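Naming convention: chains lettered A, B, ... in sequence-line order (proteins, then strands); numbering from 1 in each chain. These numbers come from the heavy atoms of this one structure, side chains and all, not from hydrogens, waters or symmetry mates. Predicted model only: the values in this text are computed from it and were never measured.
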Protein chains: 2
Amino acid sequence: MLTRTLPVYLQDASHPQAQVCAACEVRRNALFGALDDASLARIHEHIAAPEYEADTRIYTRDEPGHAVWTIRAGVVRFERTTDRGDRRIVRLAGRGDLIGQEALLRWTYADDAIACTPVQLCRIPPALVEDLSESRARLLRELMARWQDALDQAQGWVADLTTGPARRRVLRLLDALGRYPDAQGRIWLPRREDIGAMLDMTIETASRHLSRLRREAVIELLPPRHARLSAPALEQALRAADAD
Amino acid sequence: MLTRTLPVYLQDASHPQAQVCAACEVRRNALFGALDDASLARIHEHIAAPEYEADTRIYTRDEPGHAVWTIRAGVVRFERTTDRGDRRIVRLAGRGDLIGQEALLRWTYADDAIACTPVQLCRIPPALVEDLSESRARLLRELMARWQDALDQAQGWVADLTTGPARRRVLRLLDALGRYPDAQGRIWLPRREDIGAMLDMTIETASRHLSRLRREAVIELLPPRHARLSAPALEQALRAADAD
DNA sequence: CGAGCCGTTGAGGGGATTCAAGCTCAGTGG
DNA sequence: CCACTGAGCTTGAATCCCCTCAACGGCTCG
């Protein structure tokens, strides 16, 4: 059955994974669809095809990334735990998607990856991809790092800025804005309408909470569009909001 | 002043951008920090250093990407408009960050990028990066595409699944899950607790809205963990929820 | 059969939205 | 100089949606 769909020169390849890879129905949509059959033949022996049951963990956040995977079947979810302690699912991935790309940078995984349904994967060692891109490796690594940073930020945004009551979301936004101070140590404070667009709340709710934080001496409003934060007060307020 | 910090062989380079690039204080953290001075000298003449005032647009969603930028100073926000018509800010970027990476794939931009504060940028044509990575171009392109897809999904998650009242968020989740049907045309339906973790709501709220959608014949619950959607009813319910 | 997990439904309270009024401030023109 | 205007922000009151707390039913499994 299977061999009838294989190119002739692969029909009696020594390694059994050769047939699995060459016949893979998602290959044309998957990462290694970009490779020709000859290149594929060189690497297929290093690729495993593990399966996971529903609700089993594929990898764990902060764990060193030893593999990147392609999803051949099933649904995978990415989870994070907020400082407040509650679990947030920040993304889903399905057939044809690539997961654990951090491993190509030799980074630790940025999320917990867990099977939602029974899943079939292709497990690819990072060295395999690195071997294929020998030149300008440093620039490419930098580029991939930027991409991963952006993705990490986007997922962190979900976990931090869309979670919990309005006061907590405002505090976390101020914390994030505190990382971009200007020369005078002030932060850029968005218009209330923009805060609403960031945190999914009305301008009235944003205004009420900022006013309250001003009365609590967490923030000093410096209109227009600027403010000064009290780092200790902010940290304390964040801990209080996360504790509850 | 400036020339004193330059390597000798660059001090009298013909193109003025040579000095700007070589002296750039963010260079060691920025994308082209990975390049040596010789490579940098070859490309600097193609890099512009534009500035934007606050609240001006750097690029627009769906516009063909003709450049990728590094942020030298200031804060940039990424915006999307939900189907419902409201504006959502899905990410911020600051000094040292790379924005508009889609352009390296010759894709259109995935978001509106707008300056929050006055910003100083480095504008890099995609051809420059492509010239530097001649071999295995297709695999690298595939890889970058995966990265961008993941980022796009993460930002779309913010815009779609964390916006608006609970009923709307549940509907959008069902719509997303509808893209991963199994062989019987059923979808994987998360446990109520997982729906809560995805949409930032309690299991009771998730259950109430699913029950209501069942009574409205939008969804047929097939416990455990599965369901069947009525595509037309779902679409109609989505439009109704977005209209309001 | 009882224990435990998962899901559903109800009652009550609290927080966010909605609707509305009034404020500051910059720009404009009488 | 000051009235006028409009944008942005603040504050209040009423409403509504969602959360909290609680009880209960179906199901699996020891």
Go through the steps to decide whether B:Arg168 and B:Thr163 satisfy the test side-chain contact (heavy atoms from CB on, under 4.5 Å), and finish with yes or no. CA-CA 8 Å; B:Arg168 196 189 112 96; B:Thr163 300; 4.2 Å; yes
Give me the atom names and distance for the closest heavy-atom approach of B:Ala241 to B:Arg84. O-NE, 4.4 Å
Output the distance between atom CG (A:Leu151) and atom CZ (A:Phe78), rounded to the nearest 0.5 Å. 8.5 Å
B:Val170 and B:His209 have their tightest heavy-atom pair at CG2-CB, 4.2 Å
For B:Asp160, enumerate each residue passing the side-chain contact (heavy atoms from CB on, under 4.5 Å) test, keeping only those at least two apart in sequence or located in another chain. B:Arg172
Sugar-phosphate atoms are those with a prime plus P, OP1 and OP2; base atoms are the rest. Using that split, label each nucleotide of nucleotides 25-30 of chain D B, S or - for protein heavy atoms under 4.0 Å, 5' to 3'. ------
Give the minimum heavy-atom separation between B:Ile219 and B:Leu210, together with the two atoms involved. CG2-O, 4.1 Å
Contact summary for B:Pro190 and B:Leu177, nearest pair of heavy atoms: CD-CD1, 3.6 Å
What is the distance, to the nearest angstrom, from the CD1 atom on B:Ile203 to the C1' atom on C:dG10? 15 Å
In whole angstroms, how far is the P atom of C:dT9 from the CZ atom of B:Arg192? 11 Å
Could you write out each protein N or O paired with an N or O of nucleotides 16-18 of chain C at a distance under 3.5 Å?
from, atom 1, to, atom 2, distance (Å)
C:dA16, OP1, A:Ala166, N, 2.8
C:dT17, OP2, A:Thr202, N, 3.3
C:dT17, OP2, A:Thr202, OG1, 3.1
C:dT17, OP2, A:Thr205, OG1, 2.3
C:dT18, O4, A:Arg208, NH2, 3.0

So, are A:Arg212 and A:Glu216 salt-bridged, with charged N and O less than 4.0 Å apart? yes
Which pairs, protein N/O on one side and nucleotides 3-5 of chain C N/O on the other, fall under 3.5 Å?
none

Would B:Trp107 and B:Gln148 count as a side-chain hydrogen bond (donor to acceptor under 3.5 Å, both in side chains) if you check the C-alpha gap in whole Å, the side-chain angles of each, and the deciding distance to 0.1 Å? CA-CA 10 Å; B:Trp107 289 9; B:Gln148 181 58 29; over 6 Å; no
Axis deviation across the helix from C:dC1-D:dG30 to C:dG30-D:dC1, five-pair ends, to the nearest 10°: 20°
Under 4.0 Å between a side-chain N/O of B:Ser207 and OP1 or OP2 of C:dC6, yes or no? no
Nearest whole Å is fine: how far is D:dT11 P from A:Arg212 CZ? 13 Å
Going by side chain to side chain donor-acceptor pair (under 3.5 Å), name the residues that satisfy it together with B:Asp182, two or more places apart in sequence or in a different chain. B:Arg186
Should the pair B:Arg146-A:Asp97 be classified as a salt bridge under the 4.0 Å nitrogen-to-oxygen rule? no
Write out all pairs satisfying side-chain hydrogen bond (donor to acceptor under 3.5 Å, both in side chains) with one or both partners inside residues 57-69 of chain B, taking only residues at least two apart or from two chains. B:Arg57-B:Asp112
What pairs of donor and acceptor atoms, side-chain ones from residues 222-238 of chain B against any protein atom, are under 3.5 angstrom apart with sequence neighbours left out?
from, atom 1, to, atom 2, distance (Å)
B:His226, ND1, B:Ile187, O, 3.3
B:Arg228, NH1, B:Gln184, O, 3.0
B:Ser230, OG, B:Ala233, N, 3.4

Using atom CZ of A:Arg191 as one end and atom P of D:dT10 as the other, report the distance to the nearest whole Å. 13 Å
Protein-nucleotides 5-7 of chain D N/O pairs under 3.5 Å:
none

Partners meeting side chain to side chain donor-acceptor pair (under 3.5 Å) with B:Arg77 (sequence neighbours left out): B:Glu79
Could you tell me the separation between the CZ atom of A:Arg215 and the P atom of D:dT10, rounded to a whole number of Å? 10 Å
Of the non-hydrogen atoms in A:Ala197 and B:Arg88, which two are nearest, and what is the gap between them? O-NH1, 2.6 Å
Please name the pair of heavy atoms, one in B:Ala54 and one in B:Cys116, separated by the smallest distance, quoted to 0.1 Å. CB-O, 3.5 Å
A:Glu193/B:Arg87 under salt bridge (charged side-chain N to carboxylate O under 4.0 Å, His left out): CA gap, chis, key distance, verdict: CA-CA 10 Å; A:Glu193 189 191 344; B:Arg87 187 173 61 95; 3.6 Å; yes
Who passes side chain to side chain donor-acceptor pair (under 3.5 Å) against A:Arg80, sequence neighbours left out? A:Asp111, A:Asp152
Does any residue of residues 220-230 of chain A have a heavy atom under 4.0 Å from DNA chain D, and if so, which ones, in number order? A:Leu221, A:Arg225
